[in-house]
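We number each residue from 1, following the sequence as shown. Keep in mind the model is a prediction, meaning the values are calculated, not measured.
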Amino acid sequence: MSAIKLALIQMRSGTDPERNLDDAEALIREAAASGAKFVLTPETTTLVQKDAERLFGQIHTPDVEPAIVRFADLADSLGIDLLIGSMALKGGAKSDDGRDRAVNRSHLFGPDGALKACYDKIHMFDVALGGGETYSESTNYAPGDRAVLTEAAGGKLGLTICYDVRFATLYRRLAQAGAQMISVPSAFTRPTGRAHWETLLRARAIETGSFILAPAQGGKHEDGRKTWGHSMVIGPWGEIIAHLDHDEPGVLHAEIDLDEVASARSRIPSLSNDREFTGP
């Protein structure tokens, strides 16, 4: 069967990892109880903490991270594919000046609790938005260097995280490798979310003929950060299938038909119409 019942979890994660885990589990259980077989959470599910010293005092290496065990057990007990949009983990490559850095990593657990795939965010959010709002993700996080294609709920899934959505080449490569769905767990800022969130998600769907699954953080967080929310599922023709029109925590349900991917790509075969060119 090509139809998939899925759910996106919208959160407002704070500075207490244990409380974030409890909040995530409650929403995941709610989603599964309503029939979802594939559940996705947003970026930084387990911790939103901009203070570097506190961040590194609260995270662990993958082999001792309690959230990994807990989410694996949850996927197993519920019999679902579970994508944890991202967790901060120790063990990233050091910076050029020798500072420790973390990784911002997605984890996909299968219905038996097995870890099916991981993906480290490739593109770092290093920007100055104006009005004194600046971000330098690469200060505390090491970028990944590998695109990841995996399987979830019977479909091919490409993994990305948040700021990756601005880099169309990654999405095109995932689609050309066979991705029917592409996940975009995010913690978009309010200014960039208001201006670009929907447009970028719909553009990536149209360009790739893929379902775009974008669970988000939303609201004002304990560390002072403000995120956009508005979790969305976009179809391969660019249509909005499901949308939370707010920044409050909650569950967004959708049912998608993977046969629509082949249909969209046959109508506009841009993935196979590449041509070589020179310049500029």
- Message: If you take the centroid of each ring, where Trp contributes its six-membered ring, are H246 and H230 closer together than 6.0 Å?
- Response: no
- Does the pair S138 and D126 meet the rule for a side-chain hydrogen bond (donor to acceptor under 3.5 Å, both in side chains), with working shown? CA-CA 7 Å; S138 62; D126 294 345; 2.6 Å; yes
- 4.5 Å side-chain heavy-atom contact, T160 and L174: yes
- Query: Considering only heavy atoms from C-beta outward, does the side chain of I28 approach that of T41 to under 4.5 Å?
  - Reply: yes
- In this structure, are over 12 heavy atoms from other groups packed under 6.0 Å from R19 atom CZ? yes
- Quiz item: cation-pi between R202 and W237, 6.0 Å / 45°: no
- Backbone N or O of A152 within a donor-acceptor pair of the D81 side chain at under 3.5 Å? no
- Query: Should F56 and D51 count as side-chain neighbours, where that means a heavy-atom distance under 4.5 Å?
  - Reply: no
- Item | Verdict with reasoning, R204 to S210, per side-chain hydrogen bond (donor to acceptor under 3.5 Å, both in side chains) | CA-CA 8 Å; R204 296 296 86 86; S210 304; over 6 Å; no
- Message: Consider ring pair (Phe, Tyr, Trp, His ring centres under 6.0 Å). Of F167, Y163, Y171, which one does H123 pass it with?
- Response: F167
- Item | Within-4.5 Å side-chain heavy-atom neighbours: W228 and S186 | no
- Look at the side chain of T44 and the backbone N and O of V48, then say whether any donor-acceptor pair between them is shorter than 3.5 Å. no
- Message: Between M232 and I212, is there a side-chain heavy-atom distance shorter than 4.5 Å?
- Response: no
- Item | From M181, Q180, K116, residue fulfilling side chain to side chain contact (heavy atoms under 4.5 Å, CB included) relative to E151 | K116
- Item | Over 12 non-hydrogen atoms of neighbours within 6.0 angstrom of CZ in R173 | no
- Check whether any side-chain N or O of T189 sits under 3.5 Å from a backbone N or O of T192 as a donor-acceptor pair, and report yes or no. yes
- Heavy-atom check, side chain of I161 versus side chain of D164, under 4.5 Å: yes
- Message: Keeping E65 on the side-chain end and A67 on the backbone end, is there a donor-acceptor pair under 3.5 Å?
- Response: yes
- Of the non-hydrogen atoms in N20 and T15, which two are nearest, and what is the gap between them? ND2-N, 4.5 Å
- Message: In the structure I gave you, are the side-chain heavy atoms of L213 and L8 within less than 4.5 Å of one another anywhere?
- Response: yes
- Item | Heavy atoms from other residues, nucleotides or ligands near CZ of R146 exceed 12 (cutoff 6.0 Å) | no
- Query: Under a 4.0 Å N-O cut-off, is there an ion pair linking D247 with R190?
  - Reply: yes
- Item | Flag for Q10-S231: side-chain donor and acceptor within less than 3.5 Å | yes
- Message: Quick check on K226: does its NZ atom have over 12 non-hydrogen neighbours (other residues, nucleotides or ligands) under 6.0 Å away?
- Response: no
- Query: With side chains defined as the heavy atoms from C-beta onward, is the minimum distance between L83 and L159 less than 4.5 Å?
  - Reply: yes
- Task: Measure across Q176 and D274 and return the closest heavy-atom pair with its distance rounded to 0.1 Å.
- Result: NE2-OD2, 2.8 Å
- Item | Polar side-chain atom of R105 near backbone of P62 as donor-acceptor pair, under 3.5 Å | no
- Query: Without hydrogens or angle criteria, can the side chains of T227 and H221 be said to hold a donor-acceptor pair below 3.5 Å?
  - Reply: yes
